[in-house]
Number of protein chains: 2
Amino acid sequence: MPRSRSALRLADVAELAGVSLATASRALAGRDGVSDKVAEHVRQVANQLGYVANMHARTLAGGSTSTVGLIVHEIGDPYFSEIASGVIRVAGERDLMVQICHSGRDPEKEFRQIQTIIAHRAGIIIVAGSGYCDPRAQARSKAALTAFQASGGRVSVIGRHHLTADAVLPDNEAAGRSAAEHLLSLGHRRIAVVSGPDSLTTVEDRLAGIAGAIQRGGLTWSDIPVIPTSFTRDSGLQATEQILRDHPETTAIIALTDAMAIGVLSALRAHGIAVPDRISVVGLDDVSVAADLAPSLTTVRLPMAAMGELALAMALKPQSQRPRRKSTGHQLVVRDSTGPVPSG
Amino acid sequence: MPRSRSALRLADVAELAGVSLATASRALAGRDGVSDKVAEHVRQVANQLGYVANMHARTLAGGSTSTVGLIVHEIGDPYFSEIASGVIRVAGERDLMVQICHSGRDPEKEFRQIQTIIAHRAGIIIVAGSGYCDPRAQARSKAALTAFQASGGRVSVIGRHHLTADAVLPDNEAAGRSAAEHLLSLGHRRIAVVSGPDSLTTVEDRLAGIAGAIQRGGLTWSDIPVIPTSFTRDSGLQATEQILRDHPETTAIIALTDAMAIGVLSALRAHGIAVPDRISVVGLDDVSVAADLAPSLTTVRLPMAAMGELALAMALKPQSQRPRRKSTGHQLVVRDSTGPVPSG
DNA sequence: TTGAAAGCGCTAACAA
DNA sequence: TTGTTAGCGCTTTCAA
């Protein structure tokens, strides 16, 4: 790719304004050491010329970095696109650029993306998406991020990671509990769970919440069928087939994500099984289409966009002694996919 | 934000490898002018040290730029997140970073984002999202992009824009035609259209396709109610209320986007109106949830992810004499939301 | 308050 | 094939 060069340099502005390079630099950066009069004049000239500073030169010379790297599993996934939307919104307010990479939920690829972001000298790195239960999975990423922080970079993560960094912690356990309690309160005892990859902390936490509620409800957790799959609609669909086959007595299904819940609903519809009359379905996340499914999906809302905003806001603050941790809220949203246990 | 500095410089690698800066640079950039033996050695040393080049220094020194700027309306919108996914996928293969900005469908904000991207010295700018019917809306953006191209930058756009650049042209007109013809073939004569902002070329084109089909079908276009709103689910919902009130005889609704079609379905469900038995609904885009709505949505598929991939692929080729233009395909996807006109 | 000059880390001419 | 050197455009000491 050929280099892109805008003829306009700070030197041009300085010359036209009749000041030195240094003065022009100070004026435009809003630093002090310049009289208001001169500063204003320089800014006017720059504006007139349509001057925009070369970020590369600025960063290289030791100026501040104005880009934030965001690592998501896959931007096409609504969970992540909503987080990204929040990050970009806050970034836009501060004139920061957001660079987005796909990790593909692969620790190795995640590490490579982190390397690339560091090479681009981002000042902030946000790792969105679940952490891994096994600390070793992210060992290399952790080392890279620690070095990055040591050199002044700021890091924040969304989710429970084995990384030493400010963290936005989705209420995964509480959300799982909430979903399960909702079903229990409707009288369901034959509950099945469509789960995700059990290498992920998100899965661990959501399951823990569900398990706790189940046990407090007087049921035995190990009696509950838990089908591990991946976080996709199709996996939800297949897992449902399996549940219908192996556990026909099931009256309620919890899907660990809305994406999977959509697959669950599809499978049930294909089988002509009435929701919620015969089987209730509850998801987690509350992606924006959840309300528009038929039946509309009962789910537990996690504020994805707000999580993205918060992650960047935390990273914009100076590093604290110990990593900050902020929990998000969660909220059970009861819609039409859940109902009382069938009397049959 | 403090600067982020990795102590490791090319000079360190060169020294440790026992070669000059220039040789090290050549070796790592994969340029020739170095013996394979030396090159390999340098690369090994660099790898061992965990060296990653400073992009800013590299770009400033006249090397190639490795970032692409992508302007979308809003990344939380599935249409754009799928496009972005395609762009990021291709970028990942080539070690390019993708910077994403929101235009908010506001020409002024779009211009500012373009400025910012140019300041960051991206080598490629991709403008996704509809163009504006009024060329003046994008006049400033156009000027900025033209200057950018003149200095070696590459630009590609998705949609019909008044910009001189390589373009991926969604089959908007054909898609509109296809949707309308489908309804006509089912016998519908009382068709209403839920449209978007008529400042957008996307709206103009989709409506043109629909109008053409309608007229060829023997109907009078001006008799068809066209409700202009915005491209959102809620607008689709409200427009439907209006259609039910003002045009109760309607047997089919075309929504210009799936997002709006989702709102249409919601409104009809709220009114207890059977789809497709009393009213058929067809959307455009085929966002991924379209298949999972109930009833599943008949729509016309535009390959969003492929469009994103294509846009970047075009921009990666050297600029041609005249702007390239590539049409995307489109495909009618018949699902359960459309059926024959009610016999009543 | 202002200006001159020394880099930031790299690439790319130019020499050897 | 390799090395030397002059910048790229900016920020930031250090002097004035």
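Chain letters run A, B, ... following the sequence lines, proteins first, then strands; residues in each count from 1.
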**OP:** In whole angstrom, give the distance that lies between atom NE2 of B:His56 and atom P of D:dT11.
**Re:** 13 Å

Original post:
Distance check: side-chain N/O of A:Tyr51 vs OP1/OP2 of D:dC10, anything under 4.0 Å?
Top reply: yes

Subject >> Least distance between heavy atoms, A:Ser66 atom then A:Met55 atom >> reply: OG-CE, 3.0 Å

Original post:
In whole angstrom, what separates A:Leu60's CG from D:dT11's C1'?
Top reply: 10 Å

Original post:
Run the side chain to side chain donor-acceptor pair (under 3.5 Å) check on B:Thr67 and A:Gln99 step by step: do they pass?
Top reply: CA-CA 9 Å; B:Thr67 111; A:Gln99 302 187 324; 5.0 Å; no

Subject >> Distance-minimising heavy-atom pair for B:Arg43 and B:Ala27 >> reply: NE-O, 3.7 Å

Subject >> Residue pairs fulfilling side-chain hydrogen bond (donor to acceptor under 3.5 Å, both in side chains) with at least one residue in residues 130-146 of chain A, sequence neighbours excluded >> reply: A:Glu108-A:Arg140, A:Glu110-A:Gln138, A:Glu110-A:Ser141, A:Ser130-A:Thr201, A:Ser130-A:Thr202, A:Asp134-A:Arg136, A:Gln138-A:His161

Original post:
Side chain of A:Asp77, backbone of A:Glu74: donor and acceptor closer than 3.5 Å?
Top reply: no

Original post:
Counting only side-chain N and O atoms of B:Ser25, is one of them less than 4.0 Å from OP1 or OP2 of C:dC10?
Top reply: no

Subject >> Any donor-acceptor N/O pair, A:His56 side chain to B:Ala57 backbone, under 3.5 Å >> reply: no

Original post:
Which is true for B:Ala53 with a 4.0 Å heavy-atom rule: it touches a base, it touches only sugar-phosphate, or it touches nothing?
Top reply: sugar-phosphate

**OP:** Sequence neighbours left out, what pairs pass side-chain hydrogen bond (donor to acceptor under 3.5 Å, both in side chains) with at least one residue falling in residues 311-325 of chain B?
**Re:** B:Asp166-B:Arg324

Subject >> Rounded distance (Å) that lies between atom C1' of D:dC8 and atom CZ of A:Arg9 >> reply: 10 Å

Table of protein N/O atoms under 3.5 Å from nucleotides 13-15 of chain D N/O atoms:
unit_1: D:dT13; atom_1: O4; unit_2: A:Arg26; atom_2: NH2; d: 3.3

Subject >> Between D:dG3 (P) and B:Glu15 (CD): distance, integer Å >> reply: 13 Å

Hey, can you pull the donor-acceptor pairs under 3.5 Å for the side chains in residues 13-26 of chain B, sequence neighbours left out?
unit_1: B:Ser20; atom_1: OG; unit_2: B:Ala22; atom_2: N; d: 3.4
unit_1: B:Ser20; atom_1: OG; unit_2: B:Thr23; atom_2: N; d: 3.2
unit_1: B:Ser20; atom_1: OG; unit_2: B:Thr23; atom_2: OG1; d: 3.1
unit_1: B:Ser25; atom_1: OG; unit_2: B:Arg31; atom_2: NH2; d: 3.1

Subject >> Nucleic acid contacts of residues 31-40 of chain A, taken as heavy-atom distances under 4.0 Å to DNA chain C >> reply: A:Gly33, A:Val34, A:Ser35, A:Val38

Subject >> Separation of atom CZ in A:Arg58 from atom C1' in C:dC10, rounded to whole Å >> reply: 20 Å

Original post:
So, the side chain of B:His102 versus the backbone of B:Ile71: is there a donor-acceptor pair under 3.5 Å, distance only?
Top reply: no

Subject >> Interatomic distance where CZ belongs to A:Arg121 and P belongs to C:dC8 [whole Å] >> reply: 14 Å

Original post:
For the side chain of A:Thr23, counting heavy atoms from C-beta on, which of D:dT11, C:dG3, D:dG3 is nearest?
Top reply: C:dG3

Original post:
For B:Leu10 and D:dT5, what is the distance between atoms CG and C1' respectively, to the nearest whole Å?
Top reply: 15 Å

Subject >> Interatomic distance where CG belongs to A:Leu21 and P belongs to D:dT12 [whole Å] >> reply: 13 Å

**OP:** Nearest 0.5 Å please: distance from the OG1 atom of B:Thr328 over to the CG atom of B:Leu310.
**Re:** 9.0 Å

Original post:
Which heavy atom in A:Ala167 sits nearest to a heavy atom in A:Met314, and how many Å separate them?
Top reply: O-CE, 3.6 Å

Original post:
What orientation do A:His73 and A:Phe80 show, parallel under 30°, tilted 30 to 60°, or perpendicular over 60°?
Top reply: perpendicular

Original post:
For the helix from C:dT1-D:dA16 to C:dA16-D:dT1, how many degrees between its two end axes (five pairs per end), to the nearest 10°?
Top reply: 30°

